[in-house]
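Worksheet for the structure shown next.
Letters go in sequence order (proteins before strands), and every chain restarts at 1.
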Amino acid sequence: MNKAIQISTEDQVFELDPSETLLEGLERTGHQVEYQCRSGYCGSCRVTLHSGSVEYQEQPLAYLQDNEILPCCCQPLEPLDISVGLITKKSA
Amino acid sequence: MKYSTFSKIDNDQLKEPMFFGQPVNVARYDQQKYPIFEQLIEKQLSFFWRPEEVDVSQDRSDYRNLPDHEKHIFISNLKYQILLDSIQGRSPNVAFLPLVSIPELETWIETWSFSETIHSRSYTHIIRNIVNDPAVVFDDIMHNQHIIERATDISKYYDDLIQYSLLYTKLGAGTHTVNGKTHEVSLFELKRKLYLCMMSVNVLEAIRFYVSFACSFAFAERRLMEGNAKIIRLIARDEALHLVGTQHIINIMQDGKDDPEMAEVARSCHAESLAMFKHAAQQEKEWAEYLFKDGSMIGLNRGILDQYIEYITNHRMRAVGLEPAFENATHNPIPWINAWTSSDNVQVAPQEVEVSSYLVGQINSEVSIDDLGDFDF
């Protein structure tokens with residue numbers, strides 16, 4: 001579990017550091033991801049998961065469709081492919 | 001379905017739908033059809049706060065030094081929030097409680113509505129501190145055209161539901177003439193009114209609050225009206241939770257496992273739901289126009305606020321299974337607002353940072369052998 005996991009987004013592939021959450025990783029790499037509570041109850045950061053799987057230490061309160069994950073509190077179990085893009089591209 | 005405050009028929013509450021089953025008799029939480037509502041209650045209780053805890057004394061001199069057009073922005077937003085929470089502090093109880101049939105949802109509605117009353121009381125706390133006579137602010141609300149217009153739009157779904165459910169409980173399905181007026185009453189139509197009302201509450205909490213939130217935080221970014229911003233952060237934290245509550249209810253309804261007819265109801269309300277979001281976004285843009293009629297504020301103007309409204313509208317629509325209304329609004333023009341609404345570190349008093357996810361008295365007393373797995377013996 002303590003090793004970097006590969007994350008593929010719409011625009012980039014990066015390694016998620018074991019010490020950061022997926023949300024922090026997405027922010028570090030300049031992705032357009034919304035957030036509010038950062039602890040699983042508001043659901044603001046939800047993104048669509050295309051492949052891979054995650055687990056939660058505690059089931060989050062936010063409503064999630066079957067293909068959605070919460071980057072603020074999920075723990076990726078394997079490489080993920082998610083639908084989120086870079087900020088620079090979006091504002092262009 | 002006749003309402004009773006304590007239904008005498010022994011039933012299996014786990015088999016009741018969320019709404020329109022047998023009214024709840026025993027308030028029990030040892031078994032739950034939807035544990036999510038009990039979790040929301042616990043979270044909401046852990047968020048408990050009192051307006052008086054927040055020191056707003058510095059805001060008085062800040063407010064006095066604001067230019068007139070910024071005073072207008074500040075006070076107008078407060079008035080609007082007072083309106084929203086006046087409605088929300090009572091309406092979920094009046095409209096939804098008689099229709100609910102599971103205890104955990106019933107208690108969530110009460111807990112939710114109660115927290116809105118804290119918000120209402122906090123506005124008086126803020127206003128008392130910034131003006132000598134709070135009545136000047138409060139008395140104007142009922143005479144302010146821009147505010148009353150939205151009040152009608154928000155309360156009409158509640159009022160429709162309440163009136164119709166009174167007819168249904170009293171007279172049942174069928175064609176009824178009451179005081180010379182003919183009503184077609186059916187359970188399907190009642191369910192439609194409930195669904196639309198829930199959607200309108202979702203819109204209220206998802207979009208309508210956020211224009212004022214943005215303005216409050218824009219002041220605080222300039223280190224102005226910071227006491228107010230602290231209170232607004234606490235309110236935003238609660239609202240995020242309420243929003244999750246309505247998102248769950250709406251998604252459970254759409255899914256149809258709870259009540260198959262509700263899924264049909266949801267489909268029949270699809271176009272109206274879309275229109276409701278678009279209409280609310282439009283109204284909020286008009287509100288932004290009214291706010292900035294005499295001038296913008298630093299860091300925020302009408303254009304930015306319009307983009308933000310479109311962006312969050314899209315975001316919230318997706319959460320309840322609707323296609324986003326605004327194709328081009330794909331990025332957040334004011335990303336700094338997230339840092340303010342981020343609530344894992346809501347500061348209540350200067351010396352004390354309250355971690356919102358902290359639950360009082362939660363101890364895990366079970367120790368399994370796996371917990372010791374990391375030890376080297």
- Task: Could you list the residues that satisfy ring pair (Phe, Tyr, Trp, His ring centres under 6.0 Å) with Phe277(B), not counting sequence neighbours?
- Result: none
I need the minimum non-hydrogen distance between [X] and [Y], along with the two atoms involved.
{"X": "Gln36(A)", "Y": "Ala236(B)", "value": "NE2-O, 3.6 Å"}
{"X": "Gln247(B)", "Y": "Cys42(A)", "value": "OE1-O, 4.5 Å"}
{"X": "Ser44(A)", "Y": "Arg316(B)", "value": "OG-NH1, 4.2 Å"}
{"X": "Glu34(A)", "Y": "Asn332(B)", "value": "OE1-ND2, 3.4 Å"}
{"X": "Gln65(A)", "Y": "Asn251(B)", "value": "NE2-OD1, 3.7 Å"}
{"X": "Val244(B)", "Y": "Tyr63(A)", "value": "CG1-N, 4.3 Å"}

- Message: Can you confirm whether more than 12 heavy atoms, excluding those of Glu78(A), are under 6.0 Å from its CD atom?
- Response: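 Yes.
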- Could you tell me whether Asp66(A) atom CG has more than 12 heavy atoms of other residues or ligands within 6.0 Å of it? no
- Item | Backbone N/O of Ala339(B) and side chain of Tyr35(A): donor-acceptor pair under 3.5 Å |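 Judged by distance alone, yes, a pair lies under 3.5 Å.
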- Query: Do His331(B) side-chain atoms and Ile87(A) backbone N/O form a donor-acceptor pair below 3.5 Å?
  - Reply: no
- Query: Heavy atoms, side chains only, cut-off 4.5 Å: are Leu61(A) and Lys43(B) in contact?
  - Reply: yes
- Task: Under the side chain to side chain contact (heavy atoms under 4.5 Å, CB included) rule, what do Arg237(B) and Tyr41(A) come out as? Steps first, then yes or no, please.
- Result: CA-CA 10 Å; Arg237(B) 181 179 71 169; Tyr41(A) 68 81; 3.2 Å; yes
- Item | Glu68(A), part contacting chain B, at a heavy-atom distance under 4.5 Å | neither
